[in-house]
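Written below as structure tokens is the structure these notes are about.
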Amino acid sequence: MTEKTSGKKLKEELSKKFNNAWEALKDGELEQVFEFSESYKDFMDKGKTERECVDEIIKQAKENDFISLDEVMDKGSVNAGDKIYAENKGKAVALFIIGSENIEKGMRIVGSHLDAPRLDLKAMPLYEDGGLALLKTHYYGGIKKYQWVATPLALHGVMTKKNGEKISIVIGEDEKDPVLYISDLLPHLAKDQMAKKMGEGITGEGLNVLIGNIPYKDDEIDEKVKLNILNLLNEKYGIHEEDFTVAEIEIVPAGKSRDVGLDRSMIAAHGHDDRVCSFAAHKAVLEIEKPKTTVVGLFVDKEEVGSMGNTGMESMFFENVVAELLNLQGITSYLGLRRAMSNTKVLSGDVTAGFDPNFPDVLDKRNASFIGKGVTLTKYTGSRGKAGCNDANAEFLGEVRQIFNKNDVSWQVGELGKVDQGGGGTIAYILANKGAEVVDCGTPMLSMHAPIELVSKVDLYMTYKAYKAFYQG
Ligand code: MN
Ligand code: MN
């Protein structure tokens with residue numbers, strides 16, 4: 001007769017409870033969490049647009065012996081262990097470390113995006129009204145418009161002048177810089193506004209950015225405030241109003257990322273979605289040497305607007321680069337590329353909604369991810385009956401679980417919202433459509449798509465640890 005197992009022991013053996021990642025840290029890891037977070041904050045302060053992030057990723061890649069795809073093609077060969085970056089129009093980039101196996105055997109990719117919800121300037125943005133100079137904007141991605149008023153803003157972008165010269169402009173980040181600002185209505189006169197639905201209290205055409213108030217000294221002309229701003233811009237950057245029509249200028253919150261909490265456990269910053277996963281993947285790639293399977297850090301643009309266009313995940317860019325590399329490995333057929341894609345394994349690195357005690361009703365608490373419990377595996381996204389989702393295969397999920405458990409990665413599962421509450425998607429389905437095994441795996445966060453978002457430092461660190469373990473297989 002066997003002895004009856006105690007209920008406590010049996011419960012431990014059979015049940016699953018996701019641990020707090022802070023409590024699960026090994027000796028010395030707490031220091032690493034905080035150190036890693038400092039380098040992340042530095043990255044976030046340098047990269048507030050997709051272009052600036054690409055510049056920073058390439059700069060750090062070069063410092064770690066990566067060479068450009070063009071140089072590799074000039075050289076005419078690739079070898080195991082080669083570190084290569086491929087830039088896509090300044091807005092997306094892929095980092096490769098060539099494996100000892102041929103690329104046709106597949107790759108290990110972490111794919112994330114560098115674009116973030118923000119306000120873009122319209123083609124003819126500058127105008128004057130009520131003695132003020134303003135800039136017209138068109139929002140990019142899914143924003144709550146009321147969050148963008150009455151807060152300090154900065155301007156980041158590129159312009160090409162009439163002579164073809166490209167200039168980069170950043171205004172509002174240096175502490176000595178002026179900032180920009182969108183006004184809101186005073187509560188005293190907001191009776192009608194406050195009676196509106198939250199989505200209608202501030203309109204898209206109402207997101208006009210204040211940029212000046214002093215008139216140009218000349219009694220003969222009208223729109224003197226606008227002219228004064230044009231004159232200041234011309235003096236500083238040599239630009240004319242027409243240059244705005246061929247510019248890409250983004251309005252983002254001004255200022256640096258900050259620690260949150262007396263325990264300094266969290267980080268508030270613009271664009272955690274999805275630079276938190278991008279940074280984690282980037283750092284992980286830089287630490288991989290001589291892999292068996294080719295390792296890829298893929299950082300794309302335009303996810304927030306549907307991944308279209310030649311810098312989004314739907315573009316041919318990535319496959320074209322893989323085809324070039326295959327070609328250098330002696331595989332010139334289209335079939336080789338198709339094999340490489342379908343033999344590939346991908347973590348789609350994107351953020352997910354963490355449980356928010358202020359809004360407890362939108363998630364199923366038993367299937368929600370929590371801030372501070374580590375990186376989140378999301379089997380499927382989509383909305384309603386999983387519509388539009390990439391539903392990761394059980395076999396691949398099982399493999400990822402083994403890797404994470406073996407490497408002491410604190411991980412949890414999370415579904416983006418209660419059934420029928422809403423939903424969302426990532427770039428996962430695009431690579432899955434090519435035949436690759438893909439699962440969403442990223443950092444849980446609060447206030448997603450707000451101008452300033454929130455992540456926990458331990459979740460950032462576990463995301464990095466997860467990606468590195470995945471790369472190492
Ligand atoms: Mn995202
Ligand atoms: Mn997003």
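Order of listing sets the numbers, starting from 1, for every ligand and every atom in it.
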For this session: Return the set of residues passing salt bridge (charged side-chain N to carboxylate O under 4.0 Å, His left out) with R264 (not counting sequence neighbours), or none when no residue passes.
Result: D259
For this session: Could you list the residues that satisfy salt bridge (charged side-chain N to carboxylate O under 4.0 Å, His left out) with E250, not counting sequence neighbours?
Result: R118
For this session: With sequence neighbours excluded, give me every salt bridge (Lys or Arg N to Asp or Glu O under 4.0 Å) pair touching residues 82-96.
Result: K75-D82, K83-E289, K91-E248
For this session: Classify the side-chain pair N310/S315 by whether it contains a donor and acceptor separated by less than 3.5 Å.
Result: no
Problem set entry | Test item: side-chain donor near acceptor, Y380 and D440, under 3.5 Å | no
Problem set entry | Name of the residue among M44, R275, K256 meeting side-chain contact (heavy atoms from CB on, under 4.5 Å) with H270 | R275
For this session: Could you give me a count of protein N/O/S atoms that are under 2.8 Å from the Mn ion (ligand 2)?
Result: 4
